[in-house]
Amino acid sequence: MSDYVLRTATEADLEAIARVRREAFGATGEYKPEGTYRSVFEAGRTHVAEQDGQVVAVAGAFTRDLAVPGAVIPAAHVTGVSVSAVHTRQGLLSRLMAAQLTAAPEAVAVLWASEGRIYPRFGYGLAAQNVTMRADRRDLKVTARPAPGTLRSGNPAELVKELSEVYSRVLPGKPGWSSRDETWWRHLTADPERERGGGTKARAVLYENADGVVEGFARFRIGPGWDDNGPKQEVNVIEVVAGTPAAYAEIYRFLLRIDLARTLVQGCTSADDPLFHLVDEPRQLGAKAGDGLWLRIIDVPRALTARRYAAPLDVVFEVTDALVPGNAGRWRLRAGAGGALVTCTPADGEPDFTLGITELGAAYLGGTRLGALHLAGRIDERRPGAVAAASTAFGWPVAPYSIEIF
């Protein structure tokens, strides 16, 4: 056999790439990549390894923006990283990830990890938890006073204008959420039968305030279920997007009272979701926390000056980064009143603390505290109190999370 060759993909590679990914992730059934996925696939941002003309490994990325504390910035959305089973342990993953970092024009990259042990090797830190819910809706009641607005239902694909307007308004205040242009909305609302998991077609419910303005929506489907005691359907929530407390409460009030359903299941939400404070028995939400979004800082000064900070800060820290040498070294980060007027410049002298690029990425969205990383022994504090001050500044009023798996 010949050596492996790394190259940028072409549109003609799409089916071979899909084959490698489906093998790696244990997908079943035949699938040809077509329709809306083809429209979001970016051959120029996909690196493949081939041997004897056959694609055996892949690492792709989408070009999207990411909401971060106080801003929305470009971020490489890494996706579908896969190596064919008979070609693992050959260093292909390391080569692909290094090539991807070198080529990425953005200051940060994000991904969902199949296993948490894989990506810290490449500088990715756990930046946001993901909370899933499996709630017994019969034992839950929304305690908020009913709002004067109204609900309207429909087919998500026919409501893209309304959905996208609400999402765009909410996005800047949701660290961890990703931008969606028209192509992405078409892809996300396409709803092919093979991706419904045996459930119904996707549905949408919109909340309109008393003036007729759409303030929030949910996309969901119903999973069928019956036993000897009667109906036990599931409400499978795809996403809830709400710009006001009233919209949030009324949408969940609706989702928790759908006839014949016994369970509400939601896959992507946050550790401080308002729903925990809206229902009368939060333990019945069946919440379970796990890892969500992993973040890699590609360009330290660009990344750190792009976001805002929760408190004034003036600190010198030293970063280690084996894959991106330009990040390694000492940096002075300053943020003025209100967390703005941010500068990040090379620094001399002794650092206040030292950390790896993985730890800096973990703290970037404000979800993983620098103080917690220090207690875990992953930050070396040189000046007492420096980590506490930086941890406060890097924090944010809401926990970050990703509303979708990409």
Side-chain angles (χ1 to χ4, degrees), residues 26-29 31 129-159 162-163 166 188-208 214-242 245-290 292 401 403-405:
T28 59
Y31 172 63
Q129 285 192 315
N130 180 56
V131 172
T132 60
M133 297 182 184
R134 188 173 187 85
D136 187 337
R137 75 161 194 86
R138 295 169 297 179
D139 289 332
L140 288 168
K141 179 182 178 182
V142 173
T143 58
R145 180 179 300 175
T150 58
L151 297 174
R152 173 161 59 97
S153 64
N155 181 339
E158 298 172 356
L159 294 169
E162 292 91 334
L163 305 186
V166 174
L188 292 172
T189 60
D191 196 31
E193 186 173 358
R194 63 177 177 267
E195 296 179 8
R196 295 175 191 167
T200 65
K201 293 181 179 180
R203 307 174 185 178
V205 60
L206 286 68
Y207 173 80
E208 297 177 331
V214 179
E215 293 184 343
F217 69 85
R219 292 193 295 133
F220 67 99
R221 70 178 81 251
I222 303 298
W226 294 78
D227 62 17
D228 292 341
N229 297 319
K232 50 184 304 183
Q233 297 179 355
E234 288 186 352
V235 178
N236 292 300
V237 179
I238 300 168
E239 63 185 9
V240 172
V241 177
Y248 203 90
E250 294 310 309
I251 287 168
Y252 271 108
R253 198 191 310 275
F254 164 79
L255 294 171
L256 288 168
R257 70 171 188 234
I258 293 176
D259 290 341
L260 306 184
R262 298 293 179 263
T263 308
L264 180 143
V265 178
Q266 187 164 351
C268 293
T269 187
S270 76
D272 65 355
D273 194 291
L275 188 59
F276 289 108
H277 310 287
L278 271 174
V279 296
D280 57 350
E281 188 52 84
R283 71 179 61 181
Q284 292 299 328
L285 291 171
K288 181 180 179 181
Y401 74 103
I403 198 171
E404 63 181 274
I405 298 175

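- Every side-chain contact (heavy atoms from CB on, under 4.5 Å) that Asn229 has, sequence neighbours left out, goes to Asp227.
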Which pairs of donor and acceptor atoms, one on a side chain in residues 282-290, lie under 3.5 Å apart (sequence neighbours left out)?
none

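- The main-chain N or O of Ile222 is found under 3.5 Å from a side-chain atom of Thr200 such that the two form a donor-acceptor pair.
- Evaluation of the ring-ring contact (aromatic ring centres under 6.0 Å, His included) rule for Tyr207 yields no partner, not counting sequence neighbours.
- Evaluation of the side chain to side chain donor-acceptor pair (under 3.5 Å) rule for Glu158 yields no partner, not counting sequence neighbours.
- In this structure, Ile403 and Val241 have side chains that are in contact, with non-hydrogen atoms separated by less than 4.5 Å.
- Residues satisfying the side-chain contact (heavy atoms from CB on, under 4.5 Å) criterion with Pro245, sequence neighbours excluded, are absent altogether.
- Side-chain atoms of Asn130 come within 3.5 Å of backbone atoms of Gly267 as a donor-acceptor pair (strictly under, hydrogens ignored).
- Sorted by first then second residue, the salt bridge (charged side-chain N to carboxylate O under 4.0 Å, His left out) pairs that include residues 253-277, not counting sequence neighbours, are Glu250-Arg253.
- Pairs of residues two or more places apart, or lying in two chains, that qualify as salt bridge (charged side-chain N to carboxylate O under 4.0 Å, His left out) and include a residue from residues 134-156 are Arg134-Glu234, Asp136-Arg138, Arg152-Glu162, Arg152-Glu208.
- Every residue was checked against the ring-ring contact (aromatic ring centres under 6.0 Å, His included) condition with Phe217, not counting sequence neighbours, and none meets it.
- A heavy-atom distance below 4.5 Å is not found between the side chains of Ile258 and Gln233.
- Here CZ of Phe220 is found 10.0 Å from CG of Leu264. Values are rounded to the nearest 0.5 Å.
- Sorted by first and then second residue, the pairs that involve residues 215-224 and meet salt bridge (charged side-chain N to carboxylate O under 4.0 Å, His left out), not counting sequence neighbours, are Asp191-Arg221, Arg219-Glu239.
- Here Leu140 contributes atom CG and Tyr252 contributes atom OH; the two are 11.5 Å apart, rounded to the nearest 0.5 Å.
- Between Leu256 and Val279, some side-chain heavy-atom pair lies under the 4.5 Å cut-off.
- Closest heavy-atom contact between Ala249 and Val142: O-CG1, 4.1 Å.
- Rounding to the nearest 0.5 Å gives a distance of 9.0 Å between CG of Leu151 and CG of Leu206.
- Summarising the geometry, atom CG belonging to Asn155 is positioned 11.0 Å from atom CZ belonging to Arg203; distances are rounded to the nearest 0.5 Å.
- Residues satisfying the side-chain contact (heavy atoms from CB on, under 4.5 Å) test with Ala218, not counting sequence neighbours, are Val205, Val240, Ile251, Leu255.
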